[in-house]
Amino acid sequence: MPDVAPLLSIQNLVTRFKSVERGKWITAVDDVSISLAPGEMVGLVGESGCGKSTLGRSIVGLEKPQSGSVIYDGVDLSTLSGRALRQKRRAIQYVFQDPYASLNDRQTIGETIAEALIIIGINDKAEHARLIHTLLDQVGLPASLAERYPRELSGGQRQRVAIARSLAVEPRVLICDEPVSALDLSIRAQVMNLFLKLHKELNVACLFIAHDLALVRQATSRTYVMYLGRIIEEGRSDELYARPSHPYTQALLASIPSADPRIEANRPPPSIFGEIPSPTNPPSGCRFRTRCPQAMEICAATPPEAVRLTPSHSARCVIAGDIYQKNKAADHVEPVPA
Ligand SMILES: Nc1ncnc2c1ncn2[C@@H]1O[C@H](COP(=O)(O)OP(=O)(O)OP(=O)(O)O)[C@@H](O)[C@H]1O
Ligand SMILES: [Mg+2]
């Protein structure tokens with residue numbers, strides 16, 4: 001939990017889909033609770049298919065959760081409807097992974113942004129021109145781009161336009177769903193830096209969804225780790241990355257390549273093995289147990305409770321406390337000289 005009252009609080013959210021296998025259901029988000037403080041940058045990581053996008057989409061109303069609540073600014077959004085709901089929802093904007101799919105190819109960039117401005121009641125043409133200029137400038141694009149069409153832009157430029165469009169409605173929360181992973185490697189860092197700059201300047205809270213743990217580690221103050229629909233570890237990013245205490249998080253971190261060739265040469269073999277189990281038939285108890293190198297009989301019995309490791313770090317694993325203590329002991333071991 002953040003230290004101050006959350007701006008956005010998701011409580012016990014469950015989102016299910018009908019599977020293509022007849023009569024089966026996929027519980028893509030299973031009893032998830034997360035929160036964001038005002039202006040906070042929080043990471044959400046996990047393998048492909050673990051439910052990150054479904055969680056993000058459920059928060060903004062693109063999917064309909066079966067149960068649980070989305071509480072924004074102290075109001076449970078399920079108690080609102082019509083205009084009041086739209087107004088609150090507007091404060092939470094979604095930035096999609098694919099900048100090619102998220103813009104209307106028949107509208108100029110200026111028209112796309114103007115459409116967002118009209119939504120918040122700004123109809124004056126001169127005001128549109130001024131704000132379009134300001135927004136494009138904010139995302140590092142020249143004003144001349146307003147006359148162009150999405151197909152004339154590069155992937156990085158399109159993602160900047162998508163961000164400008166989101167900002168047009170003055171959001172307080174951005175759900176950023178892998179917003180840089182579809183971009184060329186060379187421009188990822190630039191767009192990532194833009195997110196960090198905007199987040200600081202505008203004090204917008206961000207839920208930053210990513211595969212790339214290295215990216216999240218640097219950019220966020222807290223991180224949630226998701227596995228097969230559930231949050232299995234959460235905490236302050238500095239603590240969680242220094243002392244990952246769920247075997248799944250440890251395995252994810254072990255798979256990050258290092259720039260240091262000595263570390264790469266000594267990298268242990270990956271401890272995560274096998275495929276993610278089918279979400280239509282998840283393992284009983286701890287969902288990671290079928291791939292966990294440390295699984296015991298008890299892990300099949302019941303889903304593990306969250307073990308609080310510090311006031312700002314917890315993990316759902318029966319041996320999380322032991323793993324944490326081992327991590328802590330290892331902190332004090334002098335590194336072997338090279
Ligand atoms: N509209 C849908 N209908 C049926 N199943 C769906 C639907 N959307 C998602 N799923 C399933 O829900 C699970 C979670 O998918 P989701 O897209 O949320 O994962 P993700 O963590 O965002 O993955 P990625 O990292 O690949 O984007 C997957 O098993 C997926 O197949
Ligand atoms: Mg996704």
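Since the model is a prediction, treat every value here as computed from it, not as a measurement. Values reported hereafter were calculated over all heavy atoms of this structure, with side chains retained and with hydrogens, waters and symmetry mates removed. Both ligands and their constituent atoms are indexed starting at 1 by order of listing.
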(request) Flag this pair as yes if the NZ/CZ of Arg151 is under 6.0 angstrom from the six-membered ring centre of Tyr149 and inside a 45 degree cone about the axis; otherwise no. (result)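 Cation-pi check for Arg151 and Tyr149: passes.
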
Do NZ/NE/NH1/NH2 and the carboxylate oxygens of [X] and [Y] come within less than 4.0 Å?
| X | Y | result |
| --- | --- | --- |
| Asp30 | Arg287 | yes |
| Arg172 | Asp73 | yes |
| Glu239 | Arg243 | no |

Side chain or backbone of [X] under 4.0 Å from ligand 1, or both, or neither, by non-hydrogen atoms?
| X | value |
| --- | --- |
| Glu178 | side chain |
| Pro279 | side chain |
| His211 | side chain |

(request) Return the minimal non-hydrogen interatomic distance between Thr220 and Gly43, and the atom names on each side. (result)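 Minimum heavy-atom separation between Thr220 and Gly43: CG2-N, 3.4 Å.
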
(request) Give a yes/no answer: is there an N/O/S atom of Ser53 under 2.8 Å from the Mg ion (ligand 2)? (result)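 Yes.
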
[atom] [closest protein heavy-atom partner, distance rounded to 0.1 Å]:
| atom | result |
| --- | --- |
| atom 23 (O) of ligand 1 | Gly49 N, 2.7 Å |
| atom 31 (O) of ligand 1 | Ile26 CD1, 4.6 Å |
| atom 17 (O) of ligand 1 | Ser53 CB, 3.9 Å |
| atom 12 (O) of ligand 1 | Ala28 CB, 3.4 Å |
| atom 25 (O) of ligand 1 | Lys52 NZ, 2.8 Å |
| atom 24 (P) of ligand 1 | Ser48 OG, 3.6 Å |
| atom 15 (O) of ligand 1 | Thr54 OG1, 3.7 Å |
| atom 2 (C) of ligand 1 | Phe17 CD2, 3.6 Å |

(request) Consider ligand 1: state whether an atom of it lies below 4.0 angstrom from any non-hydrogen atom of Cys50. (result)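 It does, in that a heavy atom of Cys50 comes within the 4.0 Å cut-off of ligand 1.
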
(message) If we ignore hydrogens and angles and just use 3.5 Å, is the side chain of Tyr224 paired with the main-chain N or O of Ser35 as donor and acceptor?
(response)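 Yes: the side chain of Tyr224 pairs with the backbone of Ser35.
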
(request) Would you check if Cys286 and Arg316 make a side-chain contact, meaning some heavy-atom pair closer than 4.5 Å? (result)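 Counting from C-beta outward, Cys286 and Arg316 never come under 4.5 Å.
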
(request) State, yes or no, whether a side-chain contact exists between Arg83 and Arg86 at a heavy-atom distance under 4.5 Å. (result)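 Sidechains of Arg86 and Arg83: in contact.
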
(message) Quiz question: by atom type and distance under 3.5 Å, do the side chains of His313 and Glu234 form a donor-acceptor pair?
(response)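 Side-chain D/A pair, His313 to Glu234: absent.
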
(request) Take atom 4 (C) of ligand 1 and look for protein heavy atoms under 4.0 Å from it; say yes if you find one, no if not. (result)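 Within 4.0 Å: yes, protein heavy atom nearby.
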
